[in-house]
Amino acid sequence: MIRPILADNTTSISELKKNPMAVVEQADGFPVAVLNRNKPEFYCIPADAYEAMLDKLEDIELAQIVKERLAQEEVEVSLDDL
């Protein structure tokens, strides 16, 4: 099975084991595809990139909730009732 490599940077598992921080530093903050027998096994993602990705996913989820609620009927609430 052919799988695409979804990163501009790649390394082998052997190279990652030798010096993981050097691999991360050489990628300049971008993801690294870790290959085993020339197939991507996993991606090494710097913490800042991972956090940004999670923030974007959360924004997408919240936007979906907003879109779903746009069609709902409005309910008037008085501050005194709260």
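Numbers here simply count residues along the sequence, with the first being 1.
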For this session: Find out if a path of hydrophobic residues (ILVMFWY) with successive side-chain heavy-atom gaps under 4.5 Å connects I65 to L57.
Result: no
Problem set entry | Shared hydrophobic cluster for L62 and L54 (ILVMFWY, side-chain gaps under 4.5 Å) | no
Problem set entry | Shortest non-hydrogen separation from P31 to N9 and the atoms involved |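 Result for this residue pair: O-ND2, 3.5 Å.
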For this session: Would you name the heavy atoms of A49 and G29 that are closest together and state the gap between them?
Result: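 What the structure gives for the nearest pair is CB-O, 4.1 Å.
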Problem set entry | Pairs involving residues 32-54, ordered by first then second residue, that meet side-chain hydrogen bond (donor to acceptor under 3.5 Å, both in side chains) (sequence neighbours left out) |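 Every pair satisfying side-chain hydrogen bond (donor to acceptor under 3.5 Å, both in side chains) with a residue in residues 32-54: there are none.
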For this session: Would you list the pairs meeting side-chain hydrogen bond (donor to acceptor under 3.5 Å, both in side chains) in which at least one residue belongs to residues 72-82, sequence neighbours left out?
Result: none
For this session: Decide yes or no on side chain to side chain contact (heavy atoms under 4.5 Å, CB included) for I60 and Q64, but give the supporting numbers first.
Result: CA-CA 6 Å; I60 291 169; Q64 183 62 37; 5.8 Å; no
Can you name the residues that form a side-chain contact (heavy atoms from CB on, under 4.5 Å) with [X], not counting sequence neighbours?
X	result
V34	T11, I13, L16, F42, C44
N19	M21, A22
V77	V75, L82

Exercise. Can you list every pair that meets salt bridge (charged side-chain N to carboxylate O under 4.0 Å, His left out) and has a residue in residues 15-26, with sequence neighbours left out?
Worked result: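 Listed once each, the pairs are E15-K18.
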